[in-house]
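Chain letters run A, B, ... following the sequence lines, proteins first, then strands; residues in each count from 1.
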2 protein chains.
Amino acid sequence: MKFKIDYQSNTLVDQVEESILDYIKRNKLVPGDSLPNEMALTTEIGVSRNVLREALSRLRMLGIIQSRTNRGIIIQEPSLFTGFEKVIEPHLLSESTIIELMKLRIVLEIGLTDLLFKHLNDNYISELERIVLSHEAVNYNLTLEQETEFHNKLYQITGSEFLISFQKIIHPVFVYAKNNYDNYFAPTNERLRAEKKLITHKDLFNLIKARDMEGYRMAIKLHLATYSDFIEKKTEK
Amino acid sequence: MKFKIDYQSNTLVDQVEESILDYIKRNKLVPGDSLPNEMALTTEIGVSRNVLREALSRLRMLGIIQSRTNRGIIIQEPSLFTGFEKVIEPHLLSESTIIELMKLRIVLEIGLTDLLFKHLNDNYISELERIVLSHEAVNYNLTLEQETEFHNKLYQITGSEFLISFQKIIHPVFVYAKNNYDNYFAPTNERLRAEKKLITHKDLFNLIKARDMEGYRMAIKLHLATYSDFIEKKTEK
DNA sequence: ATAATATATTTGTACTACAAATAGTATAAA
DNA sequence: TTTATACTATTTGTAGTACAAATATATTAT
């Protein structure tokens, strides 16, 4: 099956990129299969090698293809998050995007409860305990690193590779948020503390240790109230 | 601040791409700011225009920059999922990747429960009812489209733009899974039916209508048992 | 002051050229 | 015959030149 061009697309490079992706899909190519070499592709598609290579360069970046001298172009399994990762630069993101990422994190972190308790074992519990105790020893207000260390461990326990990657990738956004929106976060924390509803990592840990899944689910929701409140305040306008 | 090159990277294009991304980050550029034009960049970085343009082409694809004749290169807010979307082609993905995506979907769909009930209103309920009734009228086994229609609506109700996009993007993987792994799914469904634990969309709907959040949470978990069982079977080996 | 025109700049595309890597082939040596 | 070595051809990676198309800016005309 040949290469088709959709002339709607913006530039030639866009068209060629789309055409090659389409070719891979229609021919159901799988990792290990190869694409025609650059010369063949230029004549086949009818563009300059320059344009072709820009399109190939994009696919190479995404990990869909791999090129090697005198071997040609080989399809490979892309890693799903490369593109996503490159794009997560907090300064480039609007507030609404950051809010959407917060929503996503809340959903994930509540949703991973089942997986967390499923994979939980005594080893993990003692690792969590170590983290909680070491932080408790220091201070009332946790540093960002401490905050992160605890939550990372939760993701790790789920054993889901994607959850772990995802968390790692969006982490800088939360660092940024902490630095930029703390004037929003602080009052919420004050209020929760006053109402005795502030859920600390220690509280979460105790529920985990007691294997109280439903209790944990309630608690993690409250623990993330800082973000929910922020979302609320920002979106009610 | 100038452009730095990490000579570790694979090709020159990789180095230039990294260098430009790094430049954007270090200088805290925001959407609307502009990059030096191509000529300036080539001399600054010390590569041919060809190589430079391959790197720029990648960033353009990700939506990080936008180029216009006689205006130069302008930073813009990328859409977070463009890269991810291009890479979701089921034939290119290994089974373990598909399993990871299933895990992610289960976590998301359980996790969105709170958001779902928060945004729930009578309108949504009647929309869901319409869907459920129309499907019930037809047959016992739902088509893929019907399956999708119901779940899409759940995502829509959450009002989270990212959840909706994410669901749309990974959907083809589940179509693919349905077609390829139905020999795994069918027995699970049979078993659940025999044990009277099969949760239909109607069951889910009734819980939603009754605003029984905790009941729903249990139920959606069971409803997704087809996937959990598949994951279990595949990973125990 | 406004409209029309001209000019300069910048990106988009094409083409040529050659270096570097490497798969495949031919040759030499055991 | 087998193995090691050298050679050849192919293919990607990089550089450079050229020009068309778009458009911002400057200039001129009304």
[Y] versus [X], side-chain donor and acceptor atoms under 3.5 Å:
| X | Y | value |
| --- | --- | --- |
| B:His119 | B:Thr158 | no |
| B:Tyr184 | B:Lys234 | yes |
| A:Glu147 | A:His151 | yes |

* Structure fact -> Outer limits of DNA chain C sitting under 4.0 Å from a non-hydrogen atom of chain A, read 5' to 3', are C:dT13 to C:dA23
* Specify the separation, in whole Å, of atom CD of B:Gln66 and atom C1' of D:dA22. =>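 So the two atoms are 14 Å apart, to the nearest Å.
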* Structure fact -> Whichever of B:Pro36 and B:Asn50 has the more 5' nearest nucleotide on DNA chain C, that residue is B:Pro36
* To do: Test salt bridge (charged side-chain N to carboxylate O under 4.0 Å, His left out) on B:Arg26 and B:Asp22 and set out the steps.
  => CA-CA 6 Å; B:Arg26 274 186 300 117; B:Asp22 177 65; 2.7 Å; yes
* To do: Using only side-chain N and O atoms of A:Arg49, determine if any of them is under 4.0 Å from OP1 or OP2 of D:dG16.
  =>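 The answer is no; no side-chain N or O of A:Arg49 sits under 4.0 Å from OP1 or OP2.
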* **Rounded (10°) bend between the five-pair end axes of the helix from C:dA1-D:dT30 to C:dA30-D:dT1** => 10°
* To do: Answer with yes or no whether B:Asn70 presents, from its side chain, a donor or acceptor under 3.5 Å of a partner atom in the base of D:dA22.
  => no
* To do: Please name all residues satisfying side chain to side chain donor-acceptor pair (under 3.5 Å) with A:Ser126, sequence neighbours left out, ordered by chain then number.
  =>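 Once residues adjacent in sequence are excluded, A:Ser126 has no partner under the side chain to side chain donor-acceptor pair (under 3.5 Å) criterion.
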* **Ion pair B:Arg58/B:Asp14, N-O distance below 4.0 Å** => yes
